[in-house]
2 protein chains.
Amino acid sequence: MDAKEILKQHISKTISLTDDESDHFFSHFKRESFKKGQVVIGEGDDVDKEYFVLSGCLKAFFVNDEIKMYILQFAMPTWWTSDYGALYNHTKALISIDCISDVELLSLSNADREKLCSESHAAEHFFRWRTNKGYVAAQKRLLSFMNNNVRVRYEQLLAQYPELYNLVPKHLIAAYLGVSRETLSRLYTSHK
Amino acid sequence: MDAKEILKQHISKTISLTDDESDHFFSHFKRESFKKGQVVIGEGDDVDKEYFVLSGCLKAFFVNDEIKMYILQFAMPTWWTSDYGALYNHTKALISIDCISDVELLSLSNADREKLCSESHAAEHFFRWRTNKGYVAAQKRLLSFMNNNVRVRYEQLLAQYPELYNLVPKHLIAAYLGVSRETLSRLYTSHK
DNA sequence: GCGGTTACGTGACCTACATCACATTCGGAA
DNA sequence: TTCCGAATGTGATGTAGGTCACGTAACCGC
């Protein structure tokens, strides 16, 4: 399935567009390819674009004191990712994004998103609902953080995204769960 | 300042409306008053409305195993609150909301919000940006949770919302920070 | 194929925070 | 005013998870 088709199917879950509208929407995106390990957004960068994942997996993360890394999101196909704080507020990136595997992306600039939204009520509607869902998911994760211990959070993560188990190294899973790699390692070796 | 004026000033930070448009927008809201301690949304309720706070303070919280309470949000004047997961997905409330002080609210039903958004591109734009900001704030809080210990999170909270110190009991501050009230108490009594 | 970097496990020990128990203070209702 | 429950402080002790240290195995570039 080609890039346009993947994007089209994704947006059609929220809004209906004619083929012409869909083409117009797609025409604002730019295809970008990255190799495993490449940096898409580095800390301190100016952030002008957000990204729609066609294939592969990225991580959006924050590094504290140049030492500890916390992963905010594993971005999988049909997910959107960027440093939205920096993108919306026109500040330097605090969050970095790099590639866990080779990836294919569609990028959309801040200006083009706003252009699409102002031209098209439907586009505005789409982006409203995309963020609504993201907001609810973020609240849910926050709650899980407060409410559940590491073992439960680990099991929930794998239950929801089983493909992560083979796709990403364990120390990154630990960084997503907010624990040390040693603690995560002990979770599934120690019985009970 | 009356309710309409408060709401108007709030939305004018994001979009420009004529007086007529502003009146039309406001006409979909219903004024609601609650006394300290009253429940606005209870766990298990059907959720049909979201709320804009005119005055007072509410808490949006989750109770685990009928024992531990975690506060997701202290809702202050000009903030919006609801169980958005339940509201958007038409499921029963998992989050409860009640009043820390006497409260004046403007309620907006799900249907009226969608009506406003479909009638008015500007309204859709407003709600998109409202959620965008909420999403960024939720990510920031998640990061603070992973990155900072209780003392730092407590200091950040009071630095950002000093009024909370006198307004809400400490055990609720603890529930927001995700720690026991005893631990919070020891933070500011023990030196250093 | 070699050498080094990365991933991962594991033991010993440390620390932040939770839990339990109890005392004290304070605000609101009768 | 009196009383009761809510809010708060504080000691003793338990525990999840962090940190440090070390070893091994897999992977990657040259």
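Letters A, B, ... are given to chains in the order of the sequence lines, protein chains preceding strands, and every chain is numbered from 1.
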Exercise for review: Verify the contact: side-chain N or O of B:Y188 to OP1 or OP2 of D:dG9, cut-off strictly under 4.0 Å; return yes or no.
Suggested key: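 Answer yes for this pair, as a side-chain N or O of B:Y188 is under 4.0 Å from OP1 or OP2.
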Exercise for review: Could you tell me whether the phosphate oxygens of D:dG17, OP1 or OP2, come under 4.0 Å of any side-chain nitrogen or oxygen in A:T183?
Suggested key: no
Check your understanding: Taking it one step at a time, do B:Q156 and B:S144 satisfy side-chain hydrogen bond (donor to acceptor under 3.5 Å, both in side chains)?
Key -> CA-CA 9 Å; B:Q156 284 177 349; B:S144 176; 3.1 Å; yes
**Study point:** Contact list for DNA chain C against residues 166-173 of chain A - heavy-atom distance below 4.0 Å
**Key:**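 Under 4.0 Å from DNA chain C: A:P169, A:K170, A:H171.
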Kindly say whether [Y] contributes a backbone atom to a donor-acceptor pair with the side chain of [X] at under 3.5 angstrom?
X: A:D102; Y: A:K36; answer: yes
X: A:S120; Y: A:C117; answer: no
X: B:R31; Y: B:E104; answer: no
X: B:Y51; Y: B:L105; answer: no
X: B:D83; Y: B:L94; answer: yes

Practice item. Hey, which sits more toward the 5' end of DNA chain D by its nearest nucleotide, A:N148 or A:E182? Key: A:N148
Atom-pair distance ([atom1] on [X]; [atom2] on [N]), nearest Å:
X: A:N147; N: C:dA18; atom1: CG; atom2: C1'; answer: 15 Å
X: B:M146; N: D:dG17; atom1: CE; atom2: C1'; answer: 16 Å
X: B:F145; N: D:dG17; atom1: CZ; atom2: P; answer: 14 Å
X: B:L184; N: D:dG9; atom1: CG; atom2: P; answer: 8 Å
X: A:I100; N: C:dA7; atom1: CD1; atom2: P; answer: 11 Å
X: B:N149; N: D:dT19; atom1: CG; atom2: P; answer: 12 Å
X: B:Y154; N: C:dA16; atom1: OH; atom2: P; answer: 19 Å
X: A:M69; N: C:dT6; atom1: CE; atom2: P; answer: 13 Å

Practice item. Report yes if the distance between the aromatic ring centroids of B:F52 and B:F29 is under 6.0 Å, otherwise no. Key: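 No, too far apart.
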Check your understanding: So, for A:Y135 and B:W80, is the gap between ring centers shorter than 6.0 Å?
Key -> no
So which protein N/O to nucleotides 25-30 of chain C N/O distances come out below 3.5 Å?
none

Practice item. For residues A:I97 and A:L58, report the shortest heavy-atom separation together with the two atoms involved. Key: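 The pair with the smallest heavy-atom distance is CG2-CD2, 3.8 Å.
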Check your understanding: Taking the side chain of B:R186 as its heavy atoms from C-beta onward, which of C:dA18, D:dG11, D:dT8 lies nearest to it?
Key -> D:dG11
Check your understanding: D:dG17, C:dG9, C:dT19: which one has an atom nearest the side-chain heavy atoms of A:R181?
Key -> C:dG9
Check your understanding: How would you label the contact of B:G37 with the nucleic acid (heavy atoms, under 4.0 Å): base, sugar-phosphate, or nothing?
Key ->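 Nothing, no heavy atom under 4.0 Å.
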